[in-house]
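What follows is a short report on a single structure.
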Amino acid sequence: MENATPKASASPDHFGVIDLKEALRERLAIIQDEESRRDEAKHLSRLRAVSQKIDKLHATLPQPVDPRLAHYLQRRSYDKALEFLEGRDD
């Protein structure tokens, strides 16, 4: 008998993927924030927080996750992960 529930996948329009893209963009914004860098402790705290958010979102992505995306996230290649999710990974 065929399963009536469709298999989940990490499609680009899935809410978890959308949240992940937003978190990856947030990380880039923090890195580029010159004012934030003036307070090193606060800057590092913000980076740590967004990295934890990215890790949590990665863990909640529906399976299967594209192997390239999984690789980028596991290696913390966040710029490449964002490029992949935005279709700019040629």
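Since this is a predicted model, take the numbers as computed values, not measurements. In what follows, residues are counted from 1 in the order of the sequence shown.
In this structure a side-chain-to-backbone donor-acceptor pair under 3.5 Å is present from Ser51 to Leu47.
By the 4.5 Å heavy-atom criterion applied to side chains, Phe84 and Asp66 are counted as neighbours.
Smallest separation of non-hydrogen atoms from Ala81 and Leu73: CB-CD2, 3.8 Å. When all heavy atoms of Arg46 and Asp33 are compared, the closest pair comes out as NH1-OD2, 3.3 Å. Nearest heavy-atom pair, Ile54 versus Ala23, reported as atom, atom and distance to 0.1 Å: CG1-CB, 3.8 Å.
Distance check, rounded to the nearest 0.5 Å: CG of Leu24 to NZ of Lys53 gives 10.0 Å. Note that OG of Ser36 and CG of Leu44 are 8.5 Å apart. Values are rounded to the nearest 0.5 Å. Separation of atoms CD (Gln32) and CZ (Arg37) is listed at 8.0 Å; rounding is to 0.5 Å. Here the straight-line distance linking atom NZ of Lys21 with atom CG of Leu57 works out to 13.0 Å at 0.5 Å rounding. Here the straight-line distance linking atom CG of Leu20 with atom CG of Leu82 works out to 8.5 Å at 0.5 Å rounding. Residue His58 holds its NE2 atom at 5.5 Å from CD of Gln74, rounded to the nearest 0.5 Å.
For the pair Asp79 and Arg27, the salt-bridge criterion is met [side-chain N within less than 4.0 Å of a carboxylate O]. Ion pairing of Glu86 with Arg25 is present here, as a side-chain N (NZ or NE/NH1/NH2) and a carboxylate O approach within less than 4.0 Å. Comment: Asp55 engages Arg76 in a salt bridge, judged by a side-chain N to carboxylate O separation of less than 4.0 angstrom.
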